[in-house]
Amino acid sequence: MIAEYGQLALTFALCISLALAIVPLYGSFKGHQTALQLGNPLSYALFLLTAFSFWALSYAFWVNDFTVVYVATNSNSLLPWYYRLTAVWGGHEGSMLLWLLTLSGWIAAVAMFSRSLPLQFQGRILGVMGLVAVGFYAFVLFMSNPFERSLPYFPVDGRDLNPLLQDFGMIIHPPMLYMGYVGFSVSFAFAIAALMGGKFDSTWARWARPWTLAAWLFLTLGIMLGSWWAYNELGWGGWWFWDPVENASFMPWLVGTALIHSLAVTEKRGTFKSWTVLLAIAAFSLSLLGAFLVRSGVLVSVHSFAADPSRGLYLLAFLLVVVGGSLLLYALRMNSVRSQARYELFSREVLLWGNNIFLLTATLVVLLGTLFPLVHKELGLGSISIGEPFFNQLFYYLVIPFALLLGLGPWVRWKQQQVQPLLKPMSLIAIATLILALGTLAALQSIQANLALLGLLLGAWVGSSAIFELLQRLQQFGSVKQGLTKLNASHFGMTLAHIGFAVLVIGVAMTKTYSVETQVRMKAGEQVELAGYQFRLVEVYPLNGPNYKGEAAELDVSYKGDYVTHLHAEKRFYTVQRSVMTEAAVHARLSRDLYVALGESLNDDSWALSLYVKPFVRWIWLGGLLMALGGLIALCDKRYRRRSAEPKATSEPKETADA
Amino acid sequence: MRKLAFFIPFALFIGLSVFLFSGLFSNPMERESSVLDQPLPAFALPDLQQPEKIWTPDSVKGKPFLLNVWGTWCVTCNAELAYLTELREQGVMIVGLYYQQPTDAAFGEVFDLAALQQEVALKLEQQGNPYQWNILDKDRTLIFDLGVTGAPETFLIDAQGVIRLHHIGDINPQVWQQKLAAAYQNMQE
């Protein structure tokens with residue numbers, strides 16, 4: 001019965017979302033107070049019903065209720081309990097339910113934390129989110145119902161969760177990613193509410209900033225976890241594949257990053273208004289486009305859910321209504337808006353404009369690379385595929401000017417900056433950059449004009465600029481110590497996120513340049529050397545897991561004769577799904593990863609193994625973590641938690657302003 | 001003009017939607033073969049069972065036939081042997097192109113022709129033999145030139161030696177009826 005209750009709750013939730021889409025919006029246009037005030041209780045009800053529905057599906061997984069089709073296709077009685085629970089979002093239907101849960105969660109959060117906003121504005125935000133919710137709830141209920149039963153003939157046991165998803169990274173990757181995707185619906189709703197009101201002072205931007213930051217930070221974590229998962233689980237040491245679905249998550253991230261910066265300009269300076277609105281619409285539109293690409297089967301990807309044209313058709317129609325409608329509204333409303341603030345050529349505004357241009361170009365590159373094969377084929381020009389070299393090369397070109405600007409940006413004032421005062425700090429940073437980059441390569445005994453040098457230079461430039469700028473800013477408060485207590489959190493957040501970017505760039509460049517790998521054939525007791533490390537295969541023995549069988553290899557690694565570590569790599573055969581998975585052995589240090597994947601058994605007691613030494617690969621995820629942490633710190637800024645609504649937008653920027 | 005500029009995002013989005021819409025109704029896995037309507041690429045490969053006999057494009061053409069890429073290691077290929085044999089009995093000419101998997105000397109693998117011949121003969125005896133003869137493509141050169149992505153794949157080749165159809169995947173009664181039979185009949189006339 002629990003599953004039926006879950007479906008019932010979901011049906012109620014659809015009705016509530018309809019009410020949420022109509023009532024507060026009606027109230028906002030008619031000035032009807034009671035209708036506006038209904039927004040909050042409706043939002044809470046929506047969340048509670050969805051949470052109950054989600055619990056009901058989780059319960060069905062918990063008790064192995066294989067009469068529910070979705071449970072039977074995605075779980076198995078031998079699956080450990082924690083994977084049974086995460087199997088809830090292991091397939092299309094359940095992951096859509098998770099999507100609904102995050103959407104209703106964001107709606108409830110907006111209702112709770114934006115009570116200080118003018119009621120009319122808040123009503124419009126909730127109404128817009130309600131409209132989005134109607135589309136998704138109807139999609140789940142009518143086209144991908146996770147509670148469908150297969151009575152009276154139901155399977156005795158389930159088909160098991162895809163072994164690829166039986167990993168810790170997979171437990172939290174999708175929820176984080178969805179928090180990010182769906183979180184951009186809040187920024188979107190703020191922008192649409194502002195468009196509806198037709199009032200474009202900078203207040204909406206101030207209100208939208210913390211929400212955008214929150215969504216961005218979840219998306220950052222989600223993408224990072226996905227990359228980390230791929231590295232551990234796919235068994236060939238890669239961390240980013242330019243897969244269409246990865247691209248689908250990367251595009252909203254790029255636009256979201258642009259949006260964070262553009263919101264700062266709109267809030268502080270009252271310019272870039274129409275641009276910021278467009279970015280807010282674009283970030284959520286790209287999230288929706290991602291959902292469409294993953295779930296409609298128009299592209300080939302390892303992530304694709306089973307393709308079903310009717311689902312794709314529905315999502316496309318939904319996309320047309322939401323994205324097309326909001327872009328039309330944008331076109332009709334925006335042409336009357338004028339920016340009043342003026343700024344000189346060398347000013348923070350212009351540098352942030354540059355930031356936006358590069359981020360948007362990057363988005364365009366990813367979008368083209370992802371959709372071009374589709375367009376090419378539909379034009380009747382035949383099948384093509386666009387791979388890594390295309391993306392990598394264009395990103396090399398983009399990241400150089402982007403990082404150069406990024407090192408300069410935080411030093412430059414709003415409105416106008418004289419060149420003279422910057423000469424000294426900039427030359428100091430340049431010197432520090434050279435010392436850091438060349439010093440690192442000298443320590444590795446490999447000074448060459450290669451990608452690693454470029455990455456180190458860019459990373460050191462951005463990183464040292466961020467640190468010097470923070471120190472200099474802290475000193476303005478009298479002393480560094482006093483500054484630490486007085487400087488606002490968003491400035492710390494910005495610095496940390498920029499350092500995170502520097503770390504990421506260094507990680508990518510170093511890994512790309514200095515990774516070495518080899519495929520070898522080994523017998524127990526044999527030894528292979530790679531990049532100075534000796535890998536000795538100690539033994540290989542059979543393995544018996546709850547829902548898999550397999551083999552495990554034990555290796556000892558030493559470096560120039562000194563024992564380093566012991567590695568344990570597995571190769572599993574999942575009996576129900578009949579698929580083979582590698583569990584790579586990873587020994588992680590900040591300076592390098594040792595990575596071993598166990599391959600095939602060869603006829604004479606020997607085994608094929610893949611060995612990798614990947615310098616600085618941790619820095620990639622560390623950089624992502626730092627960026628997310630920076631977002632979190634910025635989110636804690638006191639300015640965002642003022643109880644009262646801001647009186648009026650100040651057109652004079654504060655000097656401590658950050659971007 | 002300035003007013004119109006704000007419609008650009010909307011227009012771009014609508015344009016994109018058209019492609020997304022048409023993309024919904026085509027299979028992304030489907031690839032047009034680049035060898036369609038091209039004559040067979042040049043090759044000179046030995047017969048699997050009689051290696052002294054060398055097959056070339058000129059020596060295989062003359063009659064429309066199916067060129068079936070297969071291997072004993074390929075499970076799906078083995079599954080289609082029975083139906084292909086049935087087709088042979090109905091008078092369809094089928095030539096096998098044997099897909100030899102790479103041998104890796106580093107892993108101690110050596111190519112053993114006698115063992116392969118025995119294995120193939122045994123397999124065809126058990127499952128049925130649809131092939132007039134088998135061409136051995138040891139280094140996968142012809143397979144590469146034909147743009148084969150895996151096994152089984154089948155090419156329909158007309159009497160002039162021109163490739164008319166490229167089918168990826170196994171051949172079963174349904175595929176034969178829907179995709180291949182009509183084209184093959186046309187060539188017969």
Side-chain angles (χ1 to χ4, degrees), chain A residues 244 274 278 281-282 285 289 292-293 296-301 304 307-313 315-317 319-320 323-338 367 371-385 519-521 599-600 602-604 606 608, chain B residues 1-38 73-76 79 101-112 115-116 119 146-150 153 163 165-169:
Chain A
S274 54
L278 186 61
I281 296 175
S285 303
L289 180 71
F292 170 78
L293 292 179
S296 65
V298 292
L299 295 174
V300 187
S301 159
S304 296
D308 179 345
S310 65
R311 279 178 190 160
L313 213 54
L315 285 175
L316 186 61
L319 207 63
L320 269 175
V323 182
S326 51
L327 287 177
L328 198 60
L329 183 67
Y330 169 82
L332 295 173
R333 281 292 170 122
M334 262 307 166
N335 51 34
S336 56
V337 175
R338 287 275 187 284
L367 186 70
L371 292 182
F372 191 67
L374 173 76
V375 171
H376 196 264
K377 193 174 166 208
E378 294 311 317
L379 286 175
L381 299 172
S383 303
I384 53 161
S385 65
Q519 268 76 41
V520 290
R521 163 201 189 87
E600 305 297 319
L602 306 166
N603 34 26
D604 57 340
S606 57
Chain B
M1 270 321 284
R2 198 183 123 81
K3 289 197 171 188
L4 281 181
F6 285 101
F7 282 93
I8 292 174
F10 178 71
L12 287 178
F13 170 72
I14 295 300
L16 178 64
S17 312
V18 174
F19 285 107
L20 293 180
F21 179 76
S22 61
L24 276 179
F25 299 99
S26 68
N27 177 4
M29 301 296 282
E30 206 171 87
R31 302 258 180 279
E32 285 97 37
S33 178
S34 58
V35 293
L36 277 192
D37 300 324
Q38 303 284 326
W73 48 269
C74 153
V75 182
T76 317
Q101 284 198 310
T103 44
D104 194 335
F107 289 113
E109 293 167 0
V110 272
F111 177 68
D112 182 351
L116 179 66
E119 192 184 352
L146 285 170
V148 170
T149 55
E153 289 189 14
I163 299 163
L165 223 149
H166 181 180
H167 174 71
I168 296 177

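Throughout, protein chains are lettered first and strands after them, A, B, ... in sequence-line order, and every chain is numbered starting at 1. None of these values were measured; they are calculated from a predicted model.
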* Asked: Looking at A:I281, A:L278, A:L379, A:L316, which one has more heavy-atom pairs under 4.5 Å with chain B than the rest?
  ->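 Among the listed options, the one with the most contacts to chain B is A:L316.
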* Which of the residues A:A331, A:P373, A:S606 is involved in the greatest number of heavy-atom pairs with chain B at under 4.5 angstrom? ->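 Result: the option with the highest number of such pairs is A:A331.
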Does any part of the side chain of [Y], heavy atoms only, come nearer than 4.5 Å to the side chain of [X], both counted from C-beta?
X	Y	value
B:I163	B:L146	yes
A:P244	A:L293	no
A:L327	B:F7	no
A:L320	B:F13	yes
B:L20	A:L319	yes

* Could you look at B:I8 and say if it's the side chain, the backbone, both or neither that has a heavy atom under 4.5 Å from chain A? =>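 No part of it gets close to chain A.
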* Asked: What part of B:I14 is in contact with chain A, defined as an atom under 4.5 angstrom from a non-hydrogen atom: side chain, backbone, both or neither?
  ->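 For B:I14, side-chain heavy atoms alone lie under 4.5 Å from chain A.
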Heavy-atom distances under 4.5 Å only: say whether [X] touches chain B with side chain, backbone, both or neither.
X	result
A:L371	side chain
A:L367	neither
A:L328	both

* Over 12 foreign heavy atoms within 6.0 Å of CD, B:Q38 ->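 Above 12, so yes.
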